[in-house]
Structure formats: C-alpha cells, structure tokens
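Following: one structure in structure tokens, then a few remarks.
What you see is a predicted model, and the numbers here were worked out from it, not measured in a lab. Counting starts at 1 for both ligands and their atoms, following the listed order.
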Amino acid sequence: MIRRSILLGTGSALPARVVTNAELAQSVDTSDEWIVERTGIRTRHIAGEGETTATLATDAARAALDAAGLEPQDIDLIILATATPDQTFPAAATKVQAALGINDCVAFDVAAVCSGFLYAVTVADSMIRSGAANRALVIGSETFSRILDWQDRATCVLFGDGAGAIVLGAEESADGARGILAAKLHADGRYNQLLYVDGGPSTTQTVGKLRMKGQEVFRHAVVNLASVLTEVMAMAGFVPADIDWLVPHQANARILDATARKLKLPAERVVMTVDRHANTSAASVPLALDVAMRDGRIKSGDLVVLEAMGGGFTWGACVLRL
Ligand code: UT7
C-alpha cells in the first residue's frame, strides 16, 4: 500500500478593505496605468484594525475545515507559513490552534517568505507519509501591509494581505495515484540582499520594512520557477505539458506569463489572481487554489502544480493529483 497526502478541502480569508491603484496614486507618485502594465495588479485587500495574520489564518482554516467536512478536533498538525506573524513568538500557528479550540496537536510556523506555503506543504506531506500526522491544516497567511514602506512606490503598490488554507489527510491505496505525488524545495542564501526586511529582533529590535531589487528578483524568478517545475514534474513521471492547472505564486502577471511561455503551457491553464489580491506572499498560492477550486475550474482527477519563489532566495514546487 502507498500512503499519500490527499487534498480534503481549501479555504481563504481576505480583509474587508479593498484598495485600488487610483487610491494609492493619491499618496505616492504612481498611476493605475503603470501598475496594471508592469504587474497586472488592479486591487489588493489591506488589513484593518483587529485583522491580523492569525485572525485571517483562523478564518481561512475554518473555511477549509468546512469544505473538508471535518471538525477542528480531527486535526493533529497545523503548519502556518508567514513572514508577518502577530508577534515574534509564540508561533501564529498556536494562536490558530487556540482559536479553533484544539487543545493538543503539533503547531508551528515556517518562514520562507513567498515560498512559505510550498515549504509548509512539503513538511506536512513528509510528516503525513511518515505516519507522524494524519490530518493537517496547512496555512499561508500574511499582513505585508504592516511591513511596507508606504513612501516607496517601487514596493508598496505590489503587495496585499490575506490567508489561504488547505486540509491534507492520509490515504492508503494500492496505486498511490491520488494526492501529493512529488515536491521539491530549494534555497540559495547568496541572494539575501535582493529581497529582505531591514529590521528584526536580533539586529535592530524593530520590525523593519520590506526592501526589494525588483528587476533582479524578476529575472531569477522566471529561471528558477521554470527549472523547479520541470524538475518536480520529472520526479512525478510527467512533463510540463501534462499539467491541467498551474497554481503559481502571484507576484506579477508578467512572471506568470513568462513562466508559462518558457514551459509552453497555455495561459488558460494558469490560475491568475494577482489582479485582485496583488502579492500576498505565503498566502498567494493557497488563496489562488481556493478561488479555482470554488469556481469549479479545478476538478477531481486534475493534475495540479503549485509553485513559488521568494526572499532568501527560496523556491519550490509540488505536483498533486486531485
Ligand atoms: O514575491 C517575491 C517575488 N517578488 C517578485 O517576484 C517581484 C519581481 N519584480 C517585479 O515584479 C518587477 O520588477 C517590478 C514590478 C517590481 C518592477 O517592474 P520593472 O518593469 O522591473 O520596473 P523597474 O523596477 O525597472 O522600474 C522602471 C521605472 C523606474 O523609473 P526609471 O528609472 O525608468 O525612470 C522606476 O522608478 O518605473 C519606475 N517605477 C514606478 N513608476 C510608477 C517603479 N515603481 C513605480 C510605480 N509607479 N509604482
């Protein structure tokens, strides 16, 4: 028998407030035209008072549990990917755990910025396949609006807040045809200084603000994403043309287009939400997955590939048969 992690449900949560490009153009020297042409972004959600990484994560987790038809007590593992936790510690995952009323399960955060959800899914899948967990909540949740420099037009227009969650469950079958078929992660710390936050508890004792050399990140993103996608598809015994749905990290519509072109994948098979969510870092992949599951595009039996690249650099991809 082959033990695999099966996708049981997805959910997401977005802050109530929607901010348009035109609104941003009132406070920084930018325009709707520039933002749409260079990034594809039209709107983003921005967290308000009382909305935090942990509250958004909890709402997304509840929606994913509902979709899976499960109760909080069915969960024995929570992994939350975030670069914007409510506090330095405790882990935001334990806040979600408490809010859901789960008194005993494994709960921790992973920090891999925009690739965080791919890192979290890969760790959850390993724990499920090893028998260390049976039902996992895997969440990506961020409030990047709180670490943006709102005077820096090169970064403040690019990001939004939100959360996405999935429930993974163990299933044993003779052929192992369903579930997570392959996952691959990478990191290369030589590129720390291209995308980082200029503060932290052990250096400045401040939270800091996001800094990015966008053009250089863009170039690396297209190369690394095409490469890890081909690599993970080969691990699962497929080629990129076999992909039914690519659910990529939503950083920039031009990165999605360039990656799809490099893989010769039709744009219709790429899920795109960057226009309405902007870049929500670790939340972007599960948010996009939830949108495409709920609108009926992704169906049972489809071959779905998730991918992301972010600060570190970190990047990764995973192949999943629904
Ligand atoms: O999630 C982690 C991964 N992150 C990413 O993948 C982000 C990757 N990078 C990008 O998406 C793009 O590089 C950006 C969207 C950040 C920038 O687009 P670009 O086409 O690379 O523009 P650029 O940085 O080369 O800037 C072009 C011009 C500059 O002006 P000059 O020097 O040509 O006069 C910028 O100052 O656009 C200017 N600019 C802006 N103008 C209006 C930069 N930001 C803005 C803005 N509005 N918001």
Side-chain angles (χ1 to χ4, degrees), residues 19-44 81-84 111-119 140-145 147-162 164 185-189 191-197 209-229 246-260 262 270 272-275 277-288 306-317:
V19 175
T20 63
N21 294 341
E23 253 179 284
L24 292 180
Q26 290 169 9
S27 50
V28 283
D29 181 16
T30 189
S31 64
D32 178 53
E33 194 190 3
W34 190 94
I35 300 171
V36 171
E37 191 187 306
R38 301 288 181 125
T39 72
I41 298 165
R42 292 178 186 277
T43 58
R44 73 283 293 141
T82 190
T84 48
V113 207
C114 299
S115 315
F117 186 73
L118 267 298
Y119 270 69
S141 184
E142 302 276 20
T143 43
F144 259 48
S145 64
I147 56 163
L148 293 176
D149 174 352
W150 287 99
Q151 312 301 315
D152 177 17
R153 68 175 183 174
T155 54
C156 76
V157 304
L158 303 174
F159 295 89
D161 301 332
L185 300 175
H186 290 278
D188 188 343
Y191 298 104
N192 273 187
Q193 294 308 310
L194 295 184
L195 177 49
Y196 65 100
V197 166
K209 300 287 181 208
L210 180 146
R211 307 290 170 203
M212 176 165 74
K213 297 209 165 64
Q215 240 185 44
E216 287 168 73
V217 177
F218 189 108
R219 273 200 297 275
H220 284 279
V222 176
V223 173
N224 290 344
L225 290 173
S227 150
V228 73
L229 276 168
L246 178 62
V247 185
H249 171 50
Q250 308 283 322
N252 184 322
R254 289 191 293 137
I255 296 180
L256 306 195
D257 292 343
T259 308
K262 231 171 176 274
V270 181
M272 173 104 71
T273 52
V274 68
D275 53 337
H277 298 159
N279 181 348
T280 57
S281 183
S284 91
V285 170
L287 255 169
L306 315 178
E307 53 92 322
M309 141 104 193
F313 290 146
T314 54
W315 65 103

Taking only non-hydrogen atoms of A154 and a 4.0 Å limit, the atoms of ligand 1 in range are 44 (N)
Protein heavy-atom partner closest to atom 1 (O) of ligand 1 - residue, atom, separation in Å:
N279 ND2, 2.7 Å
Checking R153 side chain against V28 main chain: does a donor-acceptor pair fall under 3.5 Å?
no
Atoms of ligand 1 less than 4.0 Å from R38 heavy atoms?
19 (P), 20 (O), 22 (O), 27 (C)
Has S31 got a side-chain atom pairing as donor or acceptor with W34's backbone, closer than 3.5 angstrom?
yes
Count the heavy atoms belonging to other residues, nucleotides or ligands that lie under 6.0 Å from CD of E23, then report whether that count exceeds 12.
yes
Look at the side chain of R44 and the backbone N and O of L158, then say whether any donor-acceptor pair between them is shorter than 3.5 Å.
no
Between W34 and ligand 1, which residue portion shows a heavy-atom distance shorter than 4.0 Å: side chain, backbone, both, or neither?
side chain
Only one of N224, V285, T259 passes side chain to side chain contact (heavy atoms under 4.5 Å, CB included) with E307; say which it is.
T259
Numbered in order shown, the ligand 1 atoms found under 4.0 Å of a heavy atom of V217 are 3 (C), 4 (N), 5 (C), 6 (O)
Can you find an N or O of T39 that's nearer than 3.5 Å to an N or O of ligand 1?
no
Check: T84/E142 side-chain N/O donor and acceptor closer than 3.5 Å:
yes
Under 4.0 Å from atom 33 (O) of ligand 1, is there at least one protein heavy atom?
no
Answer yes or no for I35: is there a heavy-atom contact with ligand 1 below 4.0 Å?
no
Please check if atom CZ in R254 has more than 12 non-hydrogen atoms from other residues, nucleotides or ligands closer than 6.0 Å.
yes
Would a 4.0 Å cut-off, counted as strictly less than, catch a protein heavy atom around atom 43 (C) of ligand 1?
yes
Give a yes or no answer on whether the side chain of N21 reaches the backbone of I41 with a donor-acceptor pair at less than 3.5 Å.
yes
Looking only at heavy atoms of V113, does any of them come nearer than 4.0 Å to an atom of ligand 1?
no
Per-atom contacts, ligand 1 versus V157 - under 4.0 Å to a heavy atom
48 (N)
Where ligand 1 meets L195 - atom numbers and elements under 4.0 angstrom, heavy-atom basis:
2 (C)
Evaluate the 4.0 Å heavy atom contact test for atom 19 (P) of ligand 1: does a protein atom fall under the cut-off?
yes
What is the ring orientation for H186 with W315, classed by angle as parallel under 30°, tilted 30 to 60°, or perpendicular over 60°?
parallel
Identify, by atom number and element, the atoms of ligand 1 in contact range of M212, meaning under 4.0 Å from any of its heavy atoms.
4 (N), 7 (C)
N or O pair under 3.5 Å between R153 and ligand 1:
yes
Under 4.0 Å from one or more heavy atoms of T30, ligand 1 contributes atoms 42 (C), 46 (C), 47 (N), 48 (N)
Given H220, H249, R219, Q215, identify the one with the heavy atom nearest to atom 24 (O) of ligand 1.
Q215
May I ask whether atom 22 (O) of ligand 1 is less than 4.0 Å from at least one protein heavy atom?
yes
Atoms of ligand 1, numbered as shown, that sit under 4.0 Å from any heavy atom of L158
15 (C), 16 (C)
I need the L306 CG to L246 CG distance, nearest 0.5 Å.
8.5 Å
Closest to atom 6 (O) of ligand 1 (judged by heavy-atom distance), picking from N252, I255, I41
I255
Under the 3.5 angstrom rule, does the side chain of T155 hit a backbone N or O of R211 as a donor-acceptor pair?
no
Pairwise side-chain contact, V274 with N252, heavy-atom cut-off 4.5 Å (strictly under):
no
Using the six-membered ring wherever Trp is involved, compare the ring planes of F313 and Y191 and label them parallel, tilted or perpendicular (cut-offs 30° and 60°).
parallel
In this structure, atom 2 (C) of ligand 1 is nearest to the protein heavy atom C114 SG, 3.4 Å
Closer than 4.0 angstrom: is that true for some heavy atom of A221 and an atom of ligand 1?
no
Name the closest protein heavy atom to atom 9 (N) of ligand 1, giving the residue it belongs to and the distance to 0.1 Å.
G214 O, 3.0 Å
I255 vs M309, test: side-chain contact (heavy atoms from CB on, under 4.5 Å). Steps then yes/no.
CA-CA 11 Å; I255 296 180; M309 141 104 193; over 6 Å; no
What part of M309 sits under 4.0 Å from ligand 1 if we count only heavy atoms: the side chain, the backbone, both or neither?
backbone
